[in-house]
Amino acid sequence: MTTIRLTNTKARRKEVFEPIDPTKVRMYVCGPTVYDRAHIGNARPVIVFDVLYRLLRHVYGADHVTYVRNFTDVDDKINARAAEMKAAGDTRPLEAIIRALTDETIGWYHADMDALGALRPDREPRATEWIGAMIAMIEDLIGKGHAYAKEGHVLFRVRSYEGYGQLSGRSVDDMIAGARVEVAPFKEDPMDFVLWKPSSDELPGWDSTWGRGRPGWHIECSAMSRELLGESFDIHGGGIDLQFPHHENEIAQSMCAHPKGGFAKVWMHNEMLQVEGKKMSKSLGNFFTVRDLLDQGHPGEVIRFVYLGTHYAKPMDWTEEKARQAEATLRKWRGLVAGIEPAPSPAPSVIAALADDLNTAGAIAELHALAGAGDTAGLKASAALLGLLDETMGGWAEVRGANADAAALIDELLAARANARKAKDFARADALRDGFAAAGVIVKDTPQGAEWELAPDFDPAKLEALR
RNA sequence: GGCGGGUUGGCGGAGAGGUUACGCAGCGGAUUGCAAAUCCGUGAAGACCGGUUCGAUUCCGGUACCCGCCUCCA
């Protein structure tokens, strides 16, 4: 069996991956808060962990891997966005607006991530559907002395968990020292974080022994991973920005609620994304959603290829130049594998690269080697492990067919050009050549004669003008 | 201030203590009436300063610069 090595953020080193149960490999990745379109930074963990999911399925069998990614659909930002909509004239009750907003956003998320070639996780729990489990977990934590209720809030007693700070490498005292920590009056300690908070009448809320309220962000992932994957599972992933406080808090909650479970065995964090060398931000004007890039004409497969060109643990830069190169490479490869039956399994070199801490850039180099060696069947099978060159994603690279009239005209003009060349009327021949290019007809001269295909900007009127 | 990541050839970007990364661009050649496409070949690197070593871009330390987190922004 393939040996997979992964960098475990918690251990701060690369480790051999040994699933708790090889017949039931379990992975949890933090999903989006659904109040707006996913931006291109949100897409990075989706693509990274999609490749890991594919690799795990390849190594352990598709039926032996469970991938869970949540939707956070109860959150202050969602409430704020819904309030904006109401202020802008939406007459529905706030809860109805919120439901419509989160439903629509989830639909967008699915469409956008599908376009990037990401497989849907096995389970995509919505936080609002697991409130009961969250309340039960909070009650359990209170019962064990790790949490306390005060003024309608429930807070986690950070000092009660001695391992707090281990994942992110911080001590509680350091954190307090440097810190702009909100010291709410109901907190015993400044570091304590919210498990449950009160909700106003018009905002979404659930009844509990602490009054009507809603869960804090961190408890969602602890409760849902417990319900769907158990008290211990193999991999927990997410962006490095979530390492603290979100993942640290998840660990504290889960380890205190289920001391024997161990929670996630391996923690993986992807580094962040920049745009043209700068942090993506609305003020710099370099803020893009995935949908923006798709609408600009960047095919999802091209976006995916750009992301896979940089190792997940390194900062990645999105640039137009990279997109251009990725598109050219994929177009070339798609030409090579068109109509080819993929090999029964991916090339060992590609598997080896991915098994070495998800070295996607190395895997792409191996794909180049396969393409160079003419192993198109191997290329196709291996690219599939990266979610590339899939039949269903290739629409963008397909050459547009010409209708019969246009095809006949192109053939006629090509014949005219051949005659002009034969007659050494190079002015006429070159005029036709330039005309084809301007009309969006790509002509390739081969020893067997001229071949042609249509570019995306094919213009029949310009072609007609060449007569 | 605390914690963490990064710095590789013109550009992007990997691995490995000693032997070609790879891709794009460039250059040379084949092919072509000239091109395009294609094919063949090729130069070019390791932020800076020390240390360990027979030998370091690869290990260790320091410096500079960049980035992230410490604020429920992936």
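Below, read A as the first sequence line, B as the second, and so on, with proteins coming before strands; counting in each chain starts at 1.
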Value in whole Å for how far the P atom of B:A74 lies from CG of A:L116 | 16 Å
State which residues pass side chain to side chain contact (heavy atoms under 4.5 Å, CB included) with A:S254; sequence neighbours excluded, sorted by chain then number.
-> A:M137, A:S222, A:F263
Rounded to the nearest Å, what distance is computed from the CZ atom of residue A:R44 to the C1' atom of nucleotide B:C73?
-> 17 Å
Could you tell me if the ring centre of A:H298 sits under 6.0 Å from that of A:W318?
-> yes
Considering only NZ, NE, NH1 and NH2 on the basic side and carboxylate oxygens on the acidic side, decide whether A:R214 and A:D75 come within less than 4.0 Å.
-> no
Under 4.0 Å between any heavy atoms, over every strand shown, what does A:I442 touch: base, sugar-phosphate, or nothing? Just pick one.
-> nothing
Close aromatic pair by centroid cut-off 6.0 Å: A:H146 and A:Y161 | no
Centroid-centroid under 6.0 Å between A:H247 and A:W267 rings | yes
Using atom names, set out every protein N or O paired with an N or O of nucleotides 57-62 of chain B below 3.5 Å, distance rounded to 0.1 Å.
none

Mind checking the C1' distance from B:G13 to B:U52? Whole angstroms is fine.
-> 29 Å
Interatomic distance where CZ belongs to A:R324 and C1' belongs to B:G23 [whole Å] | 11 Å
Starting at atom CG of A:N79, determine the distance to atom P of B:C72, rounded to an integer number of angstrom.
-> 16 Å
Dump the pairs, protein N or O against N or O of nucleotides 12-19 of chain B, anything under 3.5 Å, distances to one decimal.
unit_1: B:G12; atom_1: O3'; unit_2: A:K322; atom_2: NZ; d: 3.4
unit_1: B:G13; atom_1: OP1; unit_2: A:K322; atom_2: NZ; d: 3.1
unit_1: B:G13; atom_1: O3'; unit_2: A:G309; atom_2: O; d: 3.3
unit_1: B:A14; atom_1: OP1; unit_2: A:H311; atom_2: N; d: 2.7
unit_1: B:A14; atom_1: OP2; unit_2: A:K314; atom_2: NZ; d: 3.4
unit_1: B:A14; atom_1: O2'; unit_2: A:N359; atom_2: ND2; d: 3.2

Stems in RNA chain B: runs of 3 or more consecutive Watson-Crick or G-U pairs, distances under 3.5 Å?
-> B:1-7 with B:64-70, B:10-12 with B:22-24, B:26-30 with B:38-42, B:47-51 with B:59-63
Could you state the atom-to-atom distance from CD of A:E271 to C1' of B:G5 in whole Å?
-> 5 Å
Kindly state whether the ring of A:F49 and the ring of A:Y312 have centres lying under 6.0 angstrom apart.
-> no
Any residue meeting side chain to side chain contact (heavy atoms under 4.5 Å, CB included) with A:P121, in chain and number order, not counting sequence neighbours | A:Y67, A:R69, A:E124
Scan A:K422 against the nucleic acid and name what it touches under 4.0 Å (heavy atoms): base, sugar-phosphate only, or nothing.
-> nothing
May I ask you to decide whether A:K322 forms a salt bridge with A:D317, counting only side-chain N to carboxylate O separations under 4.0 Å?
-> no
CA sep, side-chain torsions, deciding dist, call: A:N79, A:Y35, side-chain hydrogen bond (donor to acceptor under 3.5 Å, both in side chains) | CA-CA 9 Å; A:N79 295 341; A:Y35 66 102; over 6 Å; no
Just wondering, more than 12 heavy atoms not from A:R12 lying within 6.0 Å of its CZ?
-> yes
Nearest-Å distance once atom C1' is located in both B:C54 and B:G17 = 12 Å
Taking atom P in both B:C49 and B:C72, what distance in whole Å separates the two?
-> 43 Å
Can you tell me how far C1' in B:A64 sits from the matching atom in B:U53, rounded to whole Å?
-> 27 Å
Sequence-distant partners of A:H246, side-chain hydrogen bond (donor to acceptor under 3.5 Å, both in side chains), two or more places apart | A:H218, A:E250
For B:G41 and B:G5, measure between their C1' atoms and round to the nearest Å.
-> 40 Å
